[in-house]
Amino acid sequence: MTWRRRTGWGAALLLALAIPPAHARPDLVVLVRHAEKATAPGPDPALSTAGADRAQALAEVLAALPLRDALVSTYRRTADTAAPTAKAHDLSPRPVAAGSRHAVAVAEAVMAVSGGAVLVVGHGNTLPAVLEALGGPRLPELGHCEFDALWILDLSDKNPGLIRARYGAPNPAC
């Protein structure tokens with residue numbers, strides 16, 4: 001075997017190791033809107049008492065899930081919603097910057113996770129675009145007082161399946 005042949009194999013091996021496998025994606029993606037926010041002034045309020053209760057309910061619902069990552073926006077209410085679930089799975093909520101590429105950036109971060117499940121906590125106006133960027137259907141924006149919606153996107157098959165469920169207390173009256 002010549003030196004050229006050996007280096008060719010070595011280069012091919014390095015290239016194969018550098019490219020993530022085609023199956024490098026989670027099996028499930030759980031998408032929820034942030035929980036109820038406090039009525040405190042300012043652009044980035046904490047969760048209300050009802051919101052903190054809902055965040056805890058989310059952790060209970062997802063306790064048995066093999067969660068590998070928790071993605072949130074840069075707003076406190078999304079991180080606070082994900083915090084109990086992330087803590088139960090020994091994770092830290094990971095912010096993805098807002099902006100015109102937010103949905104694509106979230107989808108890229110999700111698809112970089114191999115196996116298991118990923119939690120995505122977003123906003124009523126961002127989750128439909130994130131779901132679509134992940135290969136799911138485009139849903140309408142959530143209503144102003146809709147906080148109990150939970151979507152589970154099953155990516156374990158070539159054709160993603162979507163389940164819509166509810167968690168925590170019923171939505172507040174608006």
Side-chain angles (χ1 to χ4, degrees), residues 17-38 40 42-48 50-136 138-139 141-142 146-156 160-165 167-168:
L17 292 174
I19 299 172
H23 64 280
R25 67 183 195 175
D27 298 318
L28 298 173
V29 183
V30 177
L31 302 104
V32 298
R33 179 186 189 180
H34 63 79
E36 294 90 331
K37 60 185 177 178
D44 197 13
L47 295 179
S48 66
D53 291 345
R54 186 174 305 282
Q56 189 58 46
L58 181 63
E60 292 167 13
V61 167
L62 302 181
L65 203 62
L67 200 63
R68 304 261 170 112
D69 206 353
L71 303 172
V72 298
S73 76
T74 55
Y75 287 93
R76 179 179 177 183
R77 58 191 172 267
T78 60
D80 289 351
T81 300
T85 303
K87 183 177 180 184
H89 293 272
D90 199 28
L91 299 169
S92 295
R94 194 161 52 107
V96 177
S100 61
R101 290 194 74 250
H102 178 73
V104 172
V106 171
E108 288 171 350
V110 165
M111 292 306 200
V113 175
S114 183
V118 175
L119 171 63
V120 175
V121 181
H123 303 270
N125 63 341
T126 63
L127 286 174
V130 169
L131 183 59
E132 186 177 35
L134 289 167
R138 178 69 183 231
L139 301 176
E141 289 185 13
L142 294 174
E146 191 173 353
F147 297 98
D148 66 352
L150 179 144
W151 293 278
I152 301 169
L153 185 62
D154 182 352
L155 296 175
S156 64
L162 183 66
I163 297 170
R164 182 175 178 158
Y167 77 102

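Owing to the predicted nature of the structure, the values given are computational and were not obtained by experimental measurement. Starting from 1, each residue takes its place in the sequence as its number.
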Closest contact, heavy atoms only, [X] versus [Y]:
| X | Y | answer |
| --- | --- | --- |
| L91 | A70 | CD1-N, 4.4 Å |
| S73 | P95 | O-CB, 3.9 Å |
| A79 | P93 | O-CG, 4.0 Å |
| A149 | R164 | CB-NH2, 3.5 Å |
| L142 | R33 | CD1-CB, 3.6 Å |
| A40 | P45 | O-CB, 4.1 Å |

With rounding to the nearest 0.5 angstrom, report the [atom1] to [atom2] distance, [X] to [Y].
| X | Y | atom1 | atom2 | value |
| --- | --- | --- | --- | --- |
| T78 | D80 | OG1 | CG | 8.0 Å |
| L71 | R94 | CG | CZ | 5.0 Å |
| L58 | L119 | CG | CG | 5.5 Å |
| L134 | E108 | CG | CD | 10.5 Å |
| D154 | D27 | CG | CG | 7.5 Å |
| T126 | H102 | OG1 | NE2 | 4.5 Å |

Any donor-acceptor N/O pair, [X] side chain to [Y] backbone, under 3.5 Å:
| X | Y | result |
| --- | --- | --- |
| R54 | Y167 | yes |
| D44 | R76 | yes |
| R68 | S114 | yes |
| T81 | A35 | yes |
| T85 | A59 | yes |

Kindly indicate whether the side chain of [X], heavy atoms from C-beta on, has any atom under 4.5 Å from the side chain of [Y].
| X | Y | answer |
| --- | --- | --- |
| L47 | D53 | no |
| V29 | V130 | no |
| K37 | Y75 | no |

Can you tell me if N125 has over 12 outside heavy atoms packed within less than 6.0 Å of its CG?
yes
